[in-house]
Amino acid sequence: MNSSCSLGIILLVATIWCGACQVRRLPQGVDYAQASGRFEWWQGSVRVPAGLRYAQSPSDSFEGVFYLQHRTKTWFRHDIGWYAGAYAQRSGSDAFEEWTVEGARVWLAREHFRNGRVLGAVTFPDNGCANFIAEDSDELKALRDIAKSFRPKYTERTGHCEQRERPRPLQ
């Protein structure tokens, strides 16, 4: 084999390897299996609807979106970390549920806004302050399935992700 052919093969392999690195830039301890919908982070795991694509978003916490092919529609997003806070709040919600799974709390909430927008969220406050957020009626139905699929890996109650009173609007 001549040197130009060897160099071509090396560049091809490097390009494929670097391309694979760019496709999957999840932090250590995080995994998403598109075929099964299993999403794992450092302190827990859930199942989102199978087949959704995933993209990580840059931020001060760990954010990402689950979407249909070609980003035509975002189905869910997540925001995980102490800077994220708790999206599911008892105060101000139209509906709020709380239960525990293996000692870890699960909060599920829905809120209707004056502009007709609906926001649903499930928060796992003892497992990295993990939030999964939906903004559509079909997504809100699936949000309960996500909440029910939760399995904690490590549970830590630190007080960083607790219910807080929302500020009241000025009169």
Side-chain angles (χ1 to χ4, degrees), residues 19-90 92-113 117-158 160-163:
C21 292
Q22 291 174 0
V23 169
R24 189 157 177 112
R25 290 189 198 165
L26 294 176
Q28 186 175 355
V30 175
D31 190 37
Y32 175 57
Q34 183 179 358
S36 68
R38 183 174 178 81
F39 180 79
E40 294 184 53
W41 69 98
W42 312 276
Q43 292 180 294
S45 68
V46 294
R47 288 198 185 276
V48 299
L52 295 178
R53 297 188 185 256
Y54 175 78
Q56 188 177 340
S57 306
S59 77
D60 59 355
S61 55
F62 173 46
E63 292 186 53
V65 294
F66 298 93
Y67 61 94
L68 295 176
Q69 188 171 6
H70 305 299
R71 294 185 188 239
T72 56
K73 182 179 187 315
T74 297
W75 268 69
F76 298 98
R77 60 189 174 95
H78 72 74
D79 193 355
I80 301 172
W82 302 123
Y83 289 119
Y87 280 69
Q89 295 280 325
R90 183 181 309 274
S93 296
D94 304 321
F96 181 86
E97 295 178 49
E98 180 177 10
W99 66 88
T100 60
V101 175
E102 300 173 24
R105 295 173 294 171
V106 178
W107 297 335
L108 181 62
R110 181 191 68 230
E111 184 173 355
H112 287 86
F113 296 93
R117 188 171 157 229
V118 179
L119 180 70
V122 60
T123 297
F124 307 107
D126 304 321
N127 300 85
C129 203
N131 301 280
F132 291 80
I133 304 101
E135 299 182 30
D136 176 279
S137 59
D138 291 335
E139 298 167 16
L140 292 172
K141 292 173 189 171
L143 197 60
R144 175 176 294 284
D145 294 334
I146 289 173
K148 293 289 185 181
S149 73
F150 171 65
R151 291 296 168 256
K153 289 183 182 178
Y154 170 72
T155 299
E156 176 184 19
R157 292 189 184 193
T158 63
H160 292 290
C161 191
E162 295 301 321
Q163 295 286 319

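Every heavy atom of this structure was used, including side-chain atoms; hydrogens, water molecules and symmetry mates were not.
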Which pairs with one or both residues in residues 32-45 pass salt bridge (Lys or Arg N to Asp or Glu O under 4.0 Å), sequence neighbours excluded?
->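 Qualifying pairs: Arg38-Glu40, Glu40-Lys153.
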How long is the straight-line distance from [atom2] of [Y] back to [atom1] of [X], given to the nearest 0.5 Å?
X: Thr123; Y: Gln89; atom1: OG1; atom2: CD; answer: 7.5 Å
X: Trp107; Y: Cys161; atom1: CH2; atom2: SG; answer: 5.5 Å
X: Leu108; Y: Tyr87; atom1: CG; atom2: OH; answer: 16.0 Å
X: Glu102; Y: Asp126; atom1: CD; atom2: CG; answer: 12.5 Å
X: Asp94; Y: Leu119; atom1: CG; atom2: CG; answer: 10.5 Å
X: Leu26; Y: Phe62; atom1: CG; atom2: CZ; answer: 6.0 Å

Looking at every non-hydrogen atom in both residues, tell me the closest pair between [X] and [Y] and how far apart they are.
X: Ala35; Y: Ala50; value: O-CB, 3.2 Å
X: Leu143; Y: Ala121; value: CD2-N, 3.3 Å
X: Ala86; Y: Cys129; value: N-SG, 4.1 Å
X: Val101; Y: Pro152; value: O-CG, 3.5 Å
X: Asn131; Y: Gly85; value: ND2-O, 2.8 Å
X: Phe66; Y: Leu52; value: CB-CD1, 3.9 Å

Residues Phe124, His78; criterion ring pair (Phe, Tyr, Trp, His ring centres under 6.0 Å); working and verdict = CA-CA 11 Å; Phe124 307 107; His78 72 74; over 10 Å; no
Under 3.5 Å, is there a donor-acceptor pair between the side chain of [X] and the main chain of [Y]?
X: Glu63; Y: Ser57; value: no
X: Ser61; Y: Asp79; value: no
X: Trp42; Y: Gln28; value: yes

With sequence neighbours left out, what residues match Arg151 under salt bridge (charged side-chain N to carboxylate O under 4.0 Å, His left out)?
->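 For Arg151, no residue satisfies salt bridge (charged side-chain N to carboxylate O under 4.0 Å, His left out) once neighbours in sequence are set aside.
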Residues two or more places apart in sequence or in another chain: which of them pass salt bridge (charged side-chain N to carboxylate O under 4.0 Å, His left out) with Arg47?
->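 None.
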Check: Val48 and Tyr54 side chains under 4.5 Å, non-hydrogen atoms =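 Not in contact.
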Side-chain contact test, heavy atoms from C-beta onward, threshold under 4.5 Å: evaluate it for Arg90 versus Glu98 and give yes or no.
->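 When only atoms from C-beta onward are counted, Glu98 and Arg90 do touch, with a gap below 4.5 Å.
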Residues which pass ring-ring contact (aromatic ring centres under 6.0 Å, His included) with Trp99, listed by chain and number, not counting sequence neighbours =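 Not a single residue meets the ring-ring contact (aromatic ring centres under 6.0 Å, His included) criterion with Trp99.
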Residues two or more places apart in sequence or in another chain: which of them pass side-chain contact (heavy atoms from CB on, under 4.5 Å) with Gln34?
->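 With neighbours one apart ignored, the set is Tyr32, Arg53.
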Lys148: partners by side-chain hydrogen bond (donor to acceptor under 3.5 Å, both in side chains), with sequence neighbours left out |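 With neighbours one apart ignored, the set is empty.
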